**Student:** 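I'd like to ask some things about the structure below.
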Amino acid sequence: MPQIVHARTAHRPRWWAELLLLVVVYGAYSAGRLLARGDVSTAVDHGLAILRIEKAFFLNAEHPLNRLFTSTPAIGIPADFAYATLHYLVTPAVLIWLFRRRPARYRAARTWLMLSTLLGLIGFTLLPTCPPRLLDASYGFVDTMAQYSSYGWWGAEASAPRGLGGMTNQYAAMPSLHVGWALWCGVLLWRHGRTPLMRVLGIVYPLLTVIVVMGTANHYFLDAVAGGLVMGAGALLTAPALRAADRAWTRAADRYAFVGRLARLPLTAGPGSVPGQRRQSVEVVKSTVAKTPAAKTPAANSPGRATVAKSPVKPPNVSDGCETSAGERFPGQRTRTNSSTGTPGSTGAATDDAPAKTR
């Protein structure tokens with residue numbers, strides 16, 4: 001019996017398993033983010049160091065953007081809503097879109113997102129950073145979320161709802177996962193979107209996010225750059241992580257029967273598919289396939305090959321061996337007519353009714 005290898009990357013996973021996985025991962029990320037709180041003075045020092053580096057290389061675009069957002073409510077208020085909502089709406093929407101429309105790409109995209117988020121959590125732990133809005137007012141930044149808090153549900157503590165500011169780590173600014181997740185969405189929309197609008201959104205959304213996080217004084221420009229680098233590192237780690245996960249699944253399925261049943265994935269819709277039918281594994285070990293003898297087909301049925309010469313088919317013998325005597329004919333047999341006279345029996349040669357010896 002051929003050995004079966006489940007092609008787990010090619011089909012749509014179970015939705016409830018994916019939902020449970022994402023809830024667990026995001027819960028662990030949120031808990032780790034809270035536990036990664038560093039010393040406030042250290043975070044402020046890191047923030048000022050980043051600001052000095054940006055000023056040295058003329059990268060401090062946060063100041064003019066923040067002044068624009070604080071002086072123009074028509075820009076600042078929508079920007080605050082975008083910062084507080086899009087991060088939690090667009091990313092799940094792209095995940096669901098991939099799950100439903102691009103199931104073959106979903107697993108790699110989800111793994112890329114989770115690995116990058118884990119790397120970002122490591123960055124929060126190793127480099128707690130004070131965002132511009134929490135620096136002293138002498139540095140020229142205004143917290144737009146606090147300025148326009150009466151228009152939204154958030155308070156003076158980041159984008160958390162009022163009274164829940166203690167549930168967030170305000171010094172988790174480096175890297176910016178707002179920018180990182182927006183870049184993830186943009187790449188997937190650009191690569192897998194089939195309309196020009198989807199590709200335009202794939203470009204506009206990350207760029208808009210970069211402007212929003214700097215204009216609201218929630219991140220430095222280098223935070224945004226770090227968010228892009230984290231996503232790049234996560235993309236490089238995705239393929240090795242998927243291979244390792246597949247090997248672990250294979251070992252677990254060989255040892256535990258319930259894991260093997262869990263690894264069987266539902267059949268994707270296609271011609272001739274039966275609703276609810278499970279897709280059998282699609283990949284067979286090459287060595288097993290090589291041992292299977294190929295079916296032999298006749299040479300005559302193979303296009304482009306020379307056919308074997310066959311003996312000519314003899315015409316049927318209508319008389320079945322019977323012979324007629326002179327002047328005798330079969331019933332209903334027609335006689336030849338002379339084309340010139342039209343009289344039967346005269347053909348310029350012997351007719352069929354003439355005796356054999358006169359022919």
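By convention here, the first residue in the shown sequence is residue 1. Not measured: the values here are computed from a predicted model.
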**Student:** Tell me if the aromatic rings of H63 and F141 count as close, with their centers under 6.0 Å from one another.
**Tutor:** yes
**Student:** Provide the closest heavy-atom pair for A217 versus V142 in the form atom of the first, atom of the second, distance.
**Tutor:**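 For A217 and V142, the tightest heavy-atom pair comes out as CB-O, 3.7 Å.
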**Student:** For side chain to side chain contact (heavy atoms under 4.5 Å, CB included), just list the numbers for Q147 and F69, CA-CA rounded to whole Å, side-chain angles, deciding distance to a tenth of an Å, and then say yes or no.
**Tutor:** CA-CA 10 Å; Q147 180 180 354; F69 282 26; over 6 Å; no
**Student:** Which heavy atom of F221 sits nearest a heavy atom of E54, and at what distance?
**Tutor:**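 Scanning both residues completely, I find the closest heavy atoms to be N-OE2, 2.9 Å.
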**Student:** Kindly compute the distance separating OG1 (T195) from CG (L201), expressed to the nearest 0.5 Å.
**Tutor:** 8.0 Å
**Student:** Under a 4.5 Å side-chain heavy-atom rule over Ile, Leu, Val, Met, Phe, Trp and Tyr, are Y220 and I211 clustered together?
**Tutor:**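 Yes, Y220 and I211 fall within the same hydrophobic cluster.
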**Student:** Shortest non-hydrogen contact from M174 to L222?
**Tutor:** CE-O, 3.9 Å
**Student:** Going by atom types alone, do W181 and S116 pair a side-chain donor with an acceptor below 3.5 Å?
**Tutor:** no
**Student:** Working to the nearest 0.5 angstrom, can you tell me the gap between L208 CG and L86 CG?
**Tutor:** 7.5 Å
**Student:** Do you know the tightest heavy-atom contact between A173 and N218?
**Tutor:** CB-O, 4.4 Å
**Student:** Establish whether Y88 and L188 are linked, either directly or via other cluster members, by ILVMFWY side-chain heavy-atom contacts under 4.5 Å.
**Tutor:**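 Same cluster: Y88 reaches L188 through Ile, Leu, Val, Met, Phe, Trp or Tyr contacts under 4.5 Å.
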**Student:** To the closest 0.5 Å, what do you measure between CZ (R107) and OG1 (T238)?
**Tutor:**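 Rounded to the nearest 0.5 Å, the CZ-OG1 separation comes to 11.0 Å.
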**Student:** Roughly how far apart are L189 CG and H192 NE2, rounded to 0.5 Å?
**Tutor:**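 NE2 of H192 is found 9.5 Å from CG of L189.
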**Student:** Pick from L135, L134, T129: which one makes a side chain to side chain contact (heavy atoms under 4.5 Å, CB included) with P131?
**Tutor:** L134
**Student:** State plainly whether one hydrophobic cluster holds both V187 and V90, where clusters connect Ile, Leu, Val, Met, Phe, Trp and Tyr through side-chain heavy atoms under 4.5 angstrom apart.
**Tutor:** yes
**Student:** Hydrophobic clustering (ILVMFWY, side-chain heavy atoms < 4.5 Å, transitive) - are M198 and I96 grouped together?
**Tutor:** no
**Student:** Let me confirm one number: the CG-CE distance from L237 to M114, rounded to the nearest 0.5 Å.
**Tutor:** 12.5 Å
**Student:** Using 30° and 60° as the class boundaries, would you call the ring planes of Y83 and H219 parallel, tilted or perpendicular?
**Tutor:**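 Judged by the thresholds at 30° and 60°, the geometry between Y83 and H219 is tilted.
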**Student:** With the 4.5 Å side-chain cut-off for hydrophobic clustering, are L48 and L59 part of the same group?
**Tutor:** yes
**Student:** Could you give the distance from NE2 (H46) to CG (L126), rounded to the nearest 0.5 Å?
**Tutor:**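 Rounded to the nearest 0.5 Å, the NE2-CG separation comes to 10.0 Å.
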**Student:** For a quick test of reading the model, state the closest non-hydrogen atom pair linking T144 to N66 and the distance between them.
**Tutor:**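 Looking at all heavy atoms of both residues, the closest pair is CG2-ND2, 3.8 Å.
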**Student:** How far apart are the closest heavy atoms of L51 and Y139, and which atoms are they?
**Tutor:**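 For L51 versus Y139, the nearest heavy atoms are CD2-CD2, 4.3 Å.
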**Student:** Any Lys/Arg nitrogen of D246 or R251 sitting under 4.0 Å from an Asp/Glu carboxylate oxygen of the other?
**Tutor:**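 No.
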